[in-house]
Each structure stands twice: as structure tokens, then as C-alpha cells.
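Quick note on labels: first sequence line is chain A, next is B, and so on, each numbered from 1. Hydrogens, waters and symmetry mates are skipped; everything else that's a heavy atom, side chains included, is used.
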Amino acid sequence: MTTTTHTKPSDRLASALQTLRDYWPFLLSLVALGVLWELNGGGTRALLLPKFSTVAAGFVEIIANGTLLPNLWLSFVDLVIGFSIAVVGGVAIGLVIGRFKVVEDCLDAYLSIGLITPIVALVPLVVIFFKYDMPARLVVIILFSMPIIALNSSAGVRGVPPSLVEMGTSFLASERDLLLKVILPGALPGIMSGIRLGFGRALLGTLVSEWLLAAYALGEMIVQMQGRNQTAQLYATVLTILVCAVLLTRLVDTVEKRLTRWKRNAAFE
Amino acid sequence: MQPKALPRPLGGRPGVLRTRPLRWGVSSSTLRRVLSLVLVAVVWEIAGQLKIDASFPALSTAVGAWFNLIISGRLTRELMTTFLTFAAGLAIALVLGFAIGVLVGRYRWAERLLGPYIYAFMAAPTLVYVPVLVIWFGTEVASRIALVVAFAIFPIILNTIAGVRHSDANLVEMARSFQATPQQVIFKVLVPNAVPLVMAGIRVGAGRAVKGVITAEVFLTIVGLGGLIQSFGSSYRTDLLLATVGTVVVFGLVVTEVVKWIDRRLTRWSVGVSRG
């Protein structure tokens, strides 16, 4: 894999070439799959597997008629708002759980339930309390991603060497200083693991909320295309979501690696 | 409050720490755990009795609904459907995930060929496969099992890769110098060595399979526990809904505990691998 520490363009080119050399079997298989798809798709199987070129045309069509990009943006907005709330809340809960045994004892059972329960099962309850619109969608996204962030943050707090905390206390650090200057930086690897895992779940939560509550944005697109048997457009949408998810996940992974280069930390799930 | 950042073994779920014993041989930690559960139960009951929200039943109402569901035999029947789909999906995910993991972990070309696909399919929100599954397998049991596989397989693949790579080069070298065949190296050295990490992957995978089966029953076919949740939810039968959600939670807890138990039995000999 390429690293992002290169600065000179020549270095970047070299590392890009290296990636190409390393992953040529993958790239070749991608081309082969594309050709196979084109040759075997369409015809009598048009509804099952439209030709690759048909799907490409479908992609151009949903871009041109202005359905894909605005809906993608609306979903992205939901994702960013919901996930941000989940990060802030999850890290806060994780810090308190990791720091105070009393809080851990009281919240542990609920955290476990939050981790084990399929959140899809809670959606009807969310509807009862928050109806079908944006607040409900955000609640679903938060329910999906917050428990895992809290769990990993609390594990991160426990990974902070006690000697550092002891030194802080013996130098009369206030609880606030201890938290901001010793525990938070020390727990960063755990927090970032939680954010990485939580992001994957937030993606899933976004799609679930937009599909299962009132159909909205990407969820609405998928439901409509399914109903109208627009298979080519459906494939195009699915592939677009896949590519966007990969790029966003890659971004979160890179941020995690940059911030926690000094320590490898296990992730819990 | 006295700072209490106590060292704990890395890797398990929290809660292994023993606090000082209290009355009746119950530690204060256990007491607090029980109290917090009781407190929520009481608040729930009171909120329900006061009819804060017309559609929100008291705890006792929900428990009553639960018993009715069990007695009518409906819950057991649907639970069976859910369990069978779950088990079939998890079994396929185990076999497939293990095979792919060994291949990718052991062979450079396999990693270069499959690595990017694994990363991509894992990063995508699993629900995105639903339309494709509907097109290919319809909306019946095959689709549901496929969705469970899609939920469960990735942690198993990743941990098998890590497990195979984690194996000690010295052990492999020793086996080779004692004339072990490649098959023997794989089955007598690499596989046993990978077990603890693979089991950790299976633990996570089983948890995800529970989520997968409920998701499949909500999005693909309205059957099983997921189907009950859908129908009770849309008819606003909140008491029955909560009873079913409770059953799903218990199902998830039981699955997790069973896998943990198997994990402990299989990996008693190993040290230094995270467990929880």
C-alpha cells in the first residue's frame, strides 16, 4: 500500500508505480470481470445482469437527470451530522466509563445491549418517538455508531499507563487537566479505533434510516428503481455507493493512521 | 474522587476487576450493576403506568405480552425460522471466510488479487447488497442466507489472515527441518496456531450474523423475529414489539455467550491473544 508521507512528485510517481506492480493481478481481474460482464450480460438476462455498457449508460443517465448527485449529497449530510453527534457522545461516554468504575458498573449492561442488538429491530420504536424525518434518521445513525465508539474509547482510557496518571496527580493536576492533557491523548488510539469502526456502522445506519423510515435520498432512489425494474440504474447506484463508501472509509483509515502512528492499538467489537 | 486508572489486561471486555467484597459475598461492583438495571426497570414501569406516551407500555405489560407470545407458540416458531437462517448463513460464512483467509494470508498472489475486493466489499454498507440479492436470488431464504453471509464473513476473513500470518516463523522452520510436508505444515502448525485469532473473528462474525438475519427479515422477507418486529411496528402494537425486541436481544446474548464458551474451550492453551 502507498503511504502518504511522500512529498516529492517523483516519489509519488514511484510509489504509484509500486502499487501498480504490487496489485496488477487485481487490476487485471478487474478488467477481466468487466469484459466477462459485458459479454455475458444483457440479452435474455437483461433484468438479471444488464451489460456493463448499459449500466454505464444508466450511470450517465442518473447523473444527467439530476437524481444521483443531489441525493448522494443529502445522504452525506445525514451521515456527517449523525456521525459527528455519535463521535462526540461516544467519546464522552467512553471517557467517563473508562475513568470511573462506578459509571462503568452502571452503564456496562446497556453498552453490551447496544452492541449486541440489531439496531434495525429498534427502528419501529424510533418511529414512535421521533416520527419519520431527519431527527429519526439521525437517531438511527447514532444508535448504529455510538456504542462501538464508546466501547473503544473506554478501552483506550484503560490503555493509558497508570504511571502517567499517577504522575499527573502527584503534580496536582486538576481532574480537567488530567482528562485533557493525559487521558485524552493517551486514549487517542482507542478512540480512533472506535471512530473507524463506528464510521462503517454509521454508513450502514444512514442507508437503513433512509430506506426503512420515510424513503429519502439514496434509500428513496433504490426503492423507486426496484419498483420500476430499472436494473441498469440500480446497478449504477449500488456501484456508486460502494465506491463512495470505499473512498470515505479510506479517508477515515488514513486519518486514524496519521493520528496514532506512535502506537498500535487493538480494536474491540 | 480518587483517580483510579487501574491497569487491566488488554483485550477483553471490561469488568474483570474485582472490587472489595461487600455483604452477602456480593461485590459492590455487582451490586451497582444490578441496581442500575433495577432502577431503569422501575422508571420504565412508572413511566408506563403514568401513560406518558399512549403507545409506550409499562414493563409489566411488555412482559405479559412476551408470555402471551410464548404461550401462543408464535414466538418459538418465528425464533426457529430466524435461528435456522442464522445458522446456515454463519456456517457458510465460516467455511468460506476461513478458506479465503487462509489463501490470502498464505499466498502473496492471492492477497494481491483478492485484497482490494475484500477491502471494498467490507467498507460498503452491507445493506447495499440487498437490491442485487433480490435480483439474483429473489426475496426468499436463499437471499436471506446470502445477506447473513455478507454480514458475518469479513471479520472471519480478516482474523484468519491475521491468524495465519501471526504464526511463528520459527515453528514453521522447525517443522520443515523435521521434513514436514507442506500439507503437514498447514494442518499441524499453521491451523492450530491460527485458532485463537480465528475464534475471535468468529465471535465478532456471529454477532454480526444475528444483525444480518434480523436485517434480512426486515428488508427481504417479512418472516421470523425480524418479520414480527416489522408487523408489530407497523400496527403500533408496542407491547408485542418490545417483547420481540427483547427476544432478539436475548438471542444475541445467548449466541455471544455460546461462542465465547467454545472459544475458551478451544484456546485454553494459548496466552496473549485478546479475549472478551
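The shortest heavy-atom contact between A/Ser29 and B/Tyr117 is OG-OH, 2.7 Å. Contact detail for B/Arg112 and A/Phe26: the closest heavy-atom pair is O-CB, 3.1 Å. B/Ala123 and A/Leu203 make their closest contact through O-CD1, 3.7 Å (heavy atoms, listed as atom of the first residue, atom of the second, distance). Taking all atoms of both residues into account, the shortest heavy-atom contact from B/Trp136 to A/Leu48 is NE1-O, 3.5 Å. Heavy atoms only, all atoms of each residue included: A/Asp105 and B/Ser36 are closest at O-OG, 4.3 Å.
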Side-chain donor-acceptor pairs under 3.5 Å in residues 218-230 of chain A, sequence neighbours left out?
none

Which side-chain N or O atoms in residues 211-225 of chain B pair as donor and acceptor under 3.5 Å with protein atoms at least two apart or in another chain?
| from | atom 1 | to | atom 2 | distance (Å) |
| --- | --- | --- | --- | --- |
| B/Lys211 | NZ | A/Leu115 | O | 2.8 |
| B/Thr215 | OG1 | B/Lys211 | O | 2.6 |
| B/Glu217 | OE1 | B/Thr82 | OG1 | 3.1 |
| B/Glu217 | OE1 | B/Leu225 | N | 3.3 |
| B/Glu217 | OE1 | B/Gly226 | N | 2.9 |
| B/Glu217 | OE2 | B/Thr82 | OG1 | 3.0 |
| B/Thr221 | OG1 | B/Thr139 | O | 2.4 |
| B/Thr221 | OG1 | B/Arg144 | NH1 | 2.9 |

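Residues A/Val238 and B/Tyr129 are not in side-chain contact: their nearest non-hydrogen atoms beyond the backbone lie 4.5 Å or more apart. The side-chain heavy atoms of B/Pro125 and A/Thr206, taken from C-beta on, include no pair separated by under 4.5 Å. You'll find the side chain of A/Leu47 stays beyond 4.5 Å of the side chain of B/Ile135, heavy atoms only.
For B/Val128, the parts sitting under 4.5 Å from any heavy atom of chain A are the backbone and the side chain alike. For B/Leu228, no part lies near chain A; criterion is any non-hydrogen pair under 4.5 Å. With a 4.5 Å cut-off on non-hydrogen atoms, B/Leu127 touches chain A through its backbone and its side chain both. If you measure heavy-atom distances from B/Phe151 to chain A, the contacts under 4.5 Å come from the side chain alone. Contacts between A/Leu239 and chain B at a heavy-atom distance below 4.5 Å are absent for every atom of the residue. With a 4.5 Å cut-off on non-hydrogen atoms, B/Phe232 does not touch chain A at all. Using a 4.5 Å cut-off between heavy atoms, B/Arg208 contacts chain A through its side chain alone, with no backbone atom that close. For chain B, the nearby parts of A/Ile116 are the backbone and the side chain; heavy atoms of each come within less than 4.5 Å.
Residues of residues 120-130 of chain A lying under 4.5 angstrom from chain B, judged on non-hydrogen atoms, are A/Val120, A/Ala121, A/Leu122, A/Pro124, A/Leu125, A/Val127, A/Ile128, A/Phe129 in numerical order. Residues of residues 243-251 of chain B placed with any heavy atom under 4.5 Å of a heavy atom in chain A are listed by number as B/Val245, B/Val248, B/Val249.
Among A/Gly168, A/Ala202, A/Cys106, A/Ala109, the residue with the largest count of heavy-atom pairs under 4.5 Å with chain B is A/Cys106. Annotation: maximal heavy-atom pairing with chain A below 4.5 Å, among B/Gly207, B/Pro131, B/Ala124, occurs at B/Pro131. Across A/Leu27, A/Leu107, A/Leu49, A/Leu212, the residue that shares the most heavy-atom pairs under 4.5 angstrom with chain B is A/Leu212. The greatest number of non-hydrogen atom pairs below 4.5 Å with chain B, out of A/Leu248, A/Leu207, A/Leu164, is found for A/Leu207. Put simply, of B/Leu39, B/Thr238, B/Val40, the one with the most heavy-atom pairs under 4.5 Å next to chain A is B/Val40.
Once rounded to the nearest 0.5 Å, the distance linking CZ of B/Arg32 with NZ of A/Lys101 reads 6.5 Å. Here B/Leu37 contributes atom CG and A/Tyr110 contributes atom OH; the two are 4.0 Å apart, rounded to the nearest 0.5 Å.
The number of heavy-atom neighbours closer than 6.0 Å to CH2 of A/Trp37, taken from other residues, nucleotides and ligands shown, is above 12. Heavy-atom contacts from other residues, nucleotides or ligands closer than 6.0 Å to CZ of B/Phe56 number more than 12.
In this structure, a donor-acceptor pair under 3.5 Å is absent between the side chains of A/Thr249 and B/Tyr119.
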